[in-house]
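For the single chain, residues carry numbers from 1 onward in sequence order. Note that these values count all heavy atoms, side chains included, but never hydrogens, waters or copies made by symmetry.
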Amino acid sequence: MDIQNKTNKELLEELSTLRAENERLKQEIQKNDIGKIKELEAIQYENNILKLILNTIPQCVFWKDKNFVFQGCNTAFAKLFNLKPENIIGNNDYDIIKSKEEVEGYLKDDFEVMQSQKPKFDILNYFTNSNNEHIIFSTTKIPLFDEKNEVCGILGILNDITEHKKLQDELLESNNSITSLFENMSEMIVLHELVFDDNNSEVIDYRILDCNTSFTKITGIPKEKAVWALASKLYGIGVAPYLDIYKEVAISGNPHRFETYYEPLNAQFIISVVSPSPNRFATITVDITEQKKLLNKIIESENKFRTYINKSPDGVFVTDENANFIEVNNAATSFLGFSQEELLTKSIKDILSPEFWESGLAHYKKVMDTGSGHGDYKFIKKNGDTIWMSVDDIKLSTNRVIAFVKDISYRIKIEEELQNSIKFNEIILKSIPYGMSIVDKSGTILFVNTVLENYFGDVWKRKKCWELFKDNKERCELCPLLTNIRIGETVTTEVSNVMGNRTFLITHTGMYYNGKESILEIYQDITDRKLLEQELIIAKEKAEESDRLKTAFLQNMSHEIRTPLNGIIGFSNLLKDENNTQEDINEFTTIITKCSNRLMELVNNILDISRIETEQLTINLEFFSVVSLINDLYMFFKHKIDTNEIAFDVQIKDNLSEYHVYSDESILYQIFVNLLNNAIKFTKKGFINFGFELIENEVLFYVKDTGIGISEKQLNHIFDRFVQADSSITRGYEGAGLGLSICKGMIESLGGNIWAISKENECSTFYFTVPIV
């Protein structure tokens with residue numbers, strides 16, 4: 001640059017150009033810095049949310065690099081080792097885990113996941129913590145990839161399933177016992193399901209769902225062939241046997257018992273039918289073919305009768321109407337240890353255990369009334385020992401009853417072991433950390449575990465579950481008791497106002513408890529989780545609203561910038577026309593000036609809001625006359641109102657005509673300019689007035705108009721950034737939606753407040769205050 005050869009004028013012009021460029025660069029740098037700061041704040045906010053979620057969830061979470069070194073973990077994972085997350089980071093498994101065998105298993109899984117670049121789910125891991133407790137985890141491991149899509153590490157998520165695994169093992173053991181009892185019973189037990197026609201209106205058949213070993217032994221049909229087969233085809237007789245009886249029981253739910261001769265097997269049976277659930281029925285079939293043959297021969301010949309019953313492996317009693325023994329076979333004497341002569345001097349009551357006298361009498365009466373009966377009873381042997389026997393009675397005549405008895409002591413022993421298993425399960429239930437209860441069909445509480453017992457004491461006994469747990473003592477609307485939950489079926493519901501205004505996830509499972517249909521309830525407190533979910537929803541809604549406002553602002557800004565630019569460019573081009581008259585030129589330049597002023601106002605507003613956002617607004621405090629400020633504003637705006645339909649006025653009390661205030665006069669002037677411009681823009685007729693008054697330690701300024709007003713919903717957001725009463729591109733009023741937010745920022749910088757009172761389509765009043773020093 002040849003400075004010596006340039007005139008002072010040329011040097012001043014270059015200096016002015018450099019200063020303008022310098023100012024432009026400063027503004028651009030400042031704009032970029034603000035953007036970066038906001039971007040960093042957003043990233044920090046998202047990181048805080050992610051960290052909060054990781055440290056709130058119950059699962060253990062960690063992540064390693066490709067050298068198997070821990071790069072991070074949540075609080076739950078660190079607690080396994082009685083450490084903090086920062087003590088885990090930078091170490092490997094050998095540094096923090098005692099058992100080398102466990103470490104080798106973990107690292108093997110890690111290596112497989114990174115080698116295959118595929119996740120592994122439901123890995124069963126065993127872990128011994130610092131308290132020497134054995135914990136079982138279901139683990140998910142997922143490979144992590146860098147920006148080059150190469151494996152750079154691994155993410156692990158651990159779910160503690162220790163208690164679940166224990167319960168599963170106990171349940172399996174209990175189920176095995178029940179299955180063994182089912183398969184080893186001598187009675188033929190079969191579960192069926194009704195089959196309807198295509199219109200689902202008429203029962204036409206039934207199919208077998210399950211059967212025990214005795215079914216195959218008696219019928220000769222293998223289980224794999226029987227299960228899911230239609231009865232009409234399985235038995236090869238065209239029509240399903242006893243369909244009408246079975247249909248009645250399955251639909252009504254009323255049990256039935258009958259005796260029948262089944263020709264295909266040439267056998268006589270006693271069949272007991274029950275319905276465990278709608279459209280299903282179970283049959284318990286006792287083969288009494290031999291007994292019936294024996295009975296027929298008894299009728300034919302008493303001598304033959306004695307021969308047959310004495311050869312029977314089952315005990316046989318014949319009694320009179322008073323339950324006195326008339327005939328007994330050898331098996332019966334063998335069971336009880338009495339001789340035939342001794343038994344013939346006794347009655348059933350003499351050998352029946354006293355606790356069964358009442359039920360035994362009722363049983364015998366039923367046999368005399370209905371012709372048959374069945375029951376399990378405890379008898380006393382000659383040596384004083386007891387024996388359990390299954391008794392099937394048939395009424396032979398008005399004064400004769402024959403009873404067939406079997407030793408079922410082994411079966412009773414299995415049932416007792418099952419009961420012990422149930423009691424053991426209760427012990428387990430009491431130790432589980434969740435609240436648990438068992439209720440019957442009416443909702444009466446039968447059992448609570450230790451957690452609930454410690455919480456309520458003994459008051460739970462004989463109470464309905466909702467009377468104990470619900471704060472309002474009312475039954476839940478979705479109570480499973482109202483929907484007849486089935487055995488083995490599980491339903492989970494969310495219930496509020498439980499145990500002190502808490503929210504619980506309650507899992508209900510149909511089960512048998514002490515032989516009764518009941519429901520197991522498991523209470524999981526999710527109050528804190530629900531609160532967190534609500535907070536996340538609110539945060540999401542705020543983020544979406546912020547995004548919507550930014551989008552609306554950008555659209556409005558595009559419209560507001562293009563409109564004056566289009567005017568400037570368009571009318572500037574028109575000025576080039578040599579045929580323009582001086583009147584045309586004056587009109588075009590007036591429009592260009594107006595558009596330029598509008599564009600300059602928009603740029604100034606953006607600069608103002610930027611200074612407010614970055615807290616760089618310069619405030620110059622001084623004493624000045626408030627009345628002079630008001631009069632200057634009145635004279636400036638009086639000429640802008642060019643209609644006779646609007647009355648423009650100032651309201652100042654006489655005692656305040658010489659009042660001075662210590663504040664920034666230029667800022668207050670700009671606030672009034674924004675508010676009065678808005679009033680003029682939105683008021684077509686009526687009045688606009690403004691003024692001030694003193695209220696306690698503040699000066700209250702106001703601007704009133706009879707414009708279009710503001711709705712109650714919009715009133716809550718008009719001071720937000722980039723918000724207008726109508727934010728659409730097609731709105732009837734220009735503006736970027738920055739004026740009121742600028743006013744709010746400036747007023748708050750002076751230590752005051754701003755607010756508005758308005759009625760839609762009627763009027764608006766804007767108030768703002770500054771403190772009195």
Side-chain angles (χ1 to χ4, degrees), residues 27 30-31 34-35 37-38 545-546 549-550 552-561 563-564 596-621 629-630 632-633 636-637 640 661 663-683 688 690 692 698-705 707 710 714-727 731 733-758 764-771:
Q27 292 178 0
Q30 186 181 56
K31 180 178 179 182
I34 293 171
I37 291 171
K38 289 185 177 180
E545 176 63 14
S546 175
L549 291 176
K550 289 177 182 178
F553 166 68
L554 291 174
Q555 292 173 343
N556 292 343
M557 287 296 295
S558 174
H559 174 75
E560 291 298 322
I561 291 173
T563 299
S596 299
N597 290 336
R598 181 177 171 186
L599 186 60
M600 181 61 70
E601 180 184 355
L602 179 61
V603 172
N604 287 335
N605 282 341
I606 293 174
L607 292 175
D608 286 339
I609 201 68
S610 176
R611 283 194 289 269
I612 293 170
E613 285 280 347
T614 57
E615 299 181 355
Q616 294 182 0
L617 182 66
T618 302
I619 298 175
N620 298 313
L621 298 175
L629 171 66
I630 297 297
D632 289 344
L633 289 164
F636 177 80
F637 281 97
K640 294 186 70 173
V661 67
S663 189
D664 191 317
E665 183 177 9
S666 63
I667 290 179
L668 290 177
Y669 187 93
Q670 185 173 347
I671 293 168
F672 263 117
V673 167
N674 286 344
L675 295 178
L676 288 169
N677 274 333
N678 280 350
I680 294 169
K681 184 193 302 184
F682 297 113
T683 303
I688 298 174
F690 66 106
F692 77 99
E698 294 179 317
V699 180
L700 175 68
F701 297 93
Y702 58 89
V703 175
K704 298 181 180 179
D705 65 70
I710 306 168
Q714 295 165 338
L715 202 60
N716 296 325
H717 302 286
I718 59 172
F719 294 103
D720 294 344
R721 305 286 194 271
F722 320 126
V723 172
Q724 291 179 307
D726 179 5
S727 59
R731 64 194 188 279
Y733 305 94
E734 62 185 35
L738 294 173
L740 292 179
S741 62
I742 290 172
C743 292
K744 182 175 184 292
M746 288 181 169
I747 286 295
E748 290 176 350
S749 298
L750 295 176
N753 293 304
I754 186 168
W755 67 95
I757 299 174
S758 181
S764 299
T765 304
F766 284 81
Y767 298 95
F768 63 97
T769 62
V770 294

Approximate separation, where rounding is to 0.5 Å, of [X] [atom1] and [Y] [atom2]:
X: F768; Y: I747; atom1: CZ; atom2: CD1; value: 5.0 Å
X: I688; Y: N678; atom1: CD1; atom2: CG; value: 10.5 Å
X: Y702; Y: I757; atom1: OH; atom2: CD1; value: 13.0 Å
X: L676; Y: Y669; atom1: CG; atom2: OH; value: 9.5 Å

Residues which pass salt bridge (charged side-chain N to carboxylate O under 4.0 Å, His left out) with E748, listed by chain and number, not counting sequence neighbours =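 Expected list: K744.
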S758: what forms a side chain to side chain donor-acceptor pair (under 3.5 Å) with it, not counting sequence neighbours?
-> S764
When D632, N677, V703 are each screened for side chain to side chain contact (heavy atoms under 4.5 Å, CB included) with F672, the one that passes is V703
Taking the side chain as every heavy atom from C-beta outward, state whether [X] and [Y] have any atom pair closer than 4.5 Å.
X: F692; Y: I630; result: yes
X: N674; Y: L740; result: no
X: N753; Y: Y767; result: no

What residues, two or more places apart in sequence or in another chain, satisfy side chain to side chain contact (heavy atoms under 4.5 Å, CB included) together with D664?
-> I619, N620, S666, I667, L750
Looking at F701 and L668, what are the two nearest heavy atoms and their distance?
-> CZ-CD1, 4.4 Å
